[in-house]
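A quick write-up on the structure given underneath.
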Number of protein chains: 2
Amino acid sequence: MAKTDVLTLAILGILRDQPLHGYQIRKRLGAELGPFRALSYGSLYPCLRRMVEAGLIEASGEEPAGSSSASSRRARIAYSLTDPGRSRLSEELANAGASSWDDDAFDVRFSLFAHTDAATRLRILEGRRSRLSERLEEVSDGLKRMHERHDAYTAELQRHGLEQVEREVQWLDRLIENERSARGGENNGSAPADH
Amino acid sequence: MAKTDVLTLAILGILRDQPLHGYQIRKRLGAELGPFRALSYGSLYPCLRRMVEAGLIEASGEEPAGSSSASSRRARIAYSLTDPGRSRLSEELANAGASSWDDDAFDVRFSLFAHTDAATRLRILEGRRSRLSERLEEVSDGLKRMHERHDAYTAELQRHGLEQVEREVQWLDRLIENERSARGGENNGSAPADH
DNA sequence: GAACAGTTATATCGCTCCGATACATCGGGA
DNA sequence: TCCCGATGTATCGGAGCGATATAACTGTTC
């Protein structure tokens, strides 16, 4: 129960430091996660509504309802974390289960690594690595078994996919080694020590 | 109107050579496109129903309705292309518009390159390349503008994303060059000449 | 030969998410 | 002045996913 979906987590994370409008949330998230994973309003606003209902965030809007008042300010709703929201965030940041290294969750979790403790960081990186390794075997098995029933383009697509996953594994290996060698003094790295 | 979605196209493509069951369609598609892009039954069966309704495919099932008959064979429904389905497929394979190099469509189109003519192949590859180039600029701009408001992990995520896209552009460059140099004799490569 | 596990097979439900679209306001440049 | 582009909130229809239910067939093991 109470499973936090990725989008909710991403919003909790981005509201950690300051309250923001829906529009700003979208821009920030787009900037942090890249132009892939774009996030449309059709996901954002319903998710914000759900979060308000769940008590995770609070809408401190300048309400435009001023019936006869002169200014009739535009509706701009700033969302901020509530206490339950804040504790849900840290709860979620401590979780290093399989859902942390899913395809759709990993990058969000990673972008919050600055607020994740060192042990959890390591477990997530390793989990992601082993997930990708499984895939690697699957694809290369498929490639071997496919040398009948091939056409050149399908094989090329497969080969390229394999290479991409291999790259990503190498990237993870580098990060894992960094984490391991950085755990000299700190064991609770709530902020990354180096840099 | 009558915009063919990616899944429909993929199914048309996979049924081009032989009729298949839903289950087999799923397996084949999974094998051709890799373990990413998995395709669940919750998408497949509704899509098949839509396609039957649209007259693109035909369900030649051994019906299990035999009321009093002994065997009561299991329902296994083989789907095959109709004539309208076949012409929709070639129509779609000739289309080299922007929808051919979208993130979610490109790999499906590419996996059907063996049945796509040479000119269209080239246009799609080039379209995809320029789409990725836009992204490249976006991300590297973002990286530059982000050297304030950075933490080490977010920056690393960005850097890695950038590298992945760069790799893919190099891959496309190689493929484009191949296509160009292969168009010596053929101009209508309904089957790839080399191999 | 009985029991069990794994694969083949079809199908639906609830929900999330996306793309398109509509709307309104504000700042600045032609 | 007038329009354009950025800021901002919001919804609708539909596609896709994950989980789940059901069931028959196939092989293995005791």
Side-chain angles (χ1 to χ4, degrees), chain A residues 1-11 19-31 33 35-54 59-66 70-79 98-99 102-105 108, chain B residues 1-11 19-31 33 35-54 59-66 70-79 98-99 102-105 108:
Chain A
M1 319 305 163
K3 274 218 320 202
T4 311
D5 62 297
V6 210
L7 185 46
T8 299
L9 174 59
I11 293 175
L20 290 173
H21 300 165
Y23 192 85
Q24 293 172 316
I25 292 174
R26 190 181 120 99
K27 277 194 71 179
R28 290 277 181 102
L29 239 40
L33 302 177
F36 356 82
R37 194 151 310 301
L39 176 59
S40 81
Y41 293 121
S43 331
L44 178 59
Y45 285 105
C47 182
L48 285 173
R49 202 188 314 123
R50 283 196 303 272
M51 289 172 75
V52 169
E53 275 162 22
S60 64
E62 305 116 67
E63 60 271 6
S71 67
S72 94
R73 289 282 290 116
R74 177 69 196 299
R76 305 172 85 246
I77 305 161
Y79 295 93
S99 55
D102 272 350
D103 281 333
D104 53 340
V108 171
Chain B
M1 320 306 165
K3 273 217 321 203
T4 311
D5 63 295
V6 208
L7 185 47
T8 299
L9 174 60
I11 294 175
L20 291 173
H21 301 166
Y23 192 84
Q24 294 172 315
I25 292 174
R26 189 180 121 99
K27 277 195 71 179
R28 290 278 180 103
L29 239 40
L33 302 177
F36 354 82
R37 187 135 339 282
L39 175 59
S40 82
Y41 293 122
S43 329
L44 179 59
Y45 285 107
C47 183
L48 285 172
R49 204 188 313 121
R50 284 198 302 274
M51 290 174 73
V52 169
E53 274 161 23
S60 63
E62 305 116 65
E63 60 271 4
S71 66
S72 93
R73 289 282 292 119
R74 176 67 196 300
R76 306 172 85 246
I77 307 162
Y79 295 93
S99 55
D102 273 348
D103 281 333
D104 53 339
V108 172

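All heavy atoms count here, side chains included; hydrogens, waters and symmetry mates do not. Just so it is clear, the structure is predicted and the values come from calculations on it, not from any experiment. By convention in this document, chain letters (A, B, ...) are assigned in the order of the sequence lines, proteins followed by strands, and residues within each chain are numbered from 1.
For B:L39, whose side chain is taken as the heavy atoms from C-beta onward, the closest listed nucleotide among C:dT10, D:dC17, C:dA20 is D:dC17. The listed nucleotides are C:dG19, D:dT7, C:dA9; the one nearest the side chain of A:R76 is D:dT7. Residue A:I77 has its side chain nearest to D:dA10 when only D:dA10, D:dG16, D:dG18 are considered.
The separation between A:D102 atom CG and D:dC17 atom P is 14 Å, rounded to whole Å. In this structure, A:I25 places its CD1 atom 15 Å from P of D:dT7, rounding to the nearest Å.
Between D:dT7 and A:Y23, a contact under 4.0 Å exists linking OP1 or OP2 to a side-chain N or O. At C:dT12, one or more side-chain N or O atoms of B:R49 fall inside 4.0 Å of OP1 or OP2 (strictly under the cut-off). Dashed line: the shortest gap from a side-chain N or O of A:S43 to OP1 or OP2 of C:dC18 is under 4.0 Å. For the OP1/OP2 pair of D:dT9 and a distance below 4.0 Å, the side-chain nitrogens and oxygens of A:Y45 include at least one atom meeting the criterion.
A distance-only check finds a donor-acceptor pair linking the side chain of B:R26 to the backbone of B:L39 [under 3.5 Å].
Within the 4.0 angstrom heavy-atom criterion, base atoms lie near A:G42.
Residues B:A59 and B:Y79 share a closest heavy-atom pair of CB-CE2, 3.8 Å.
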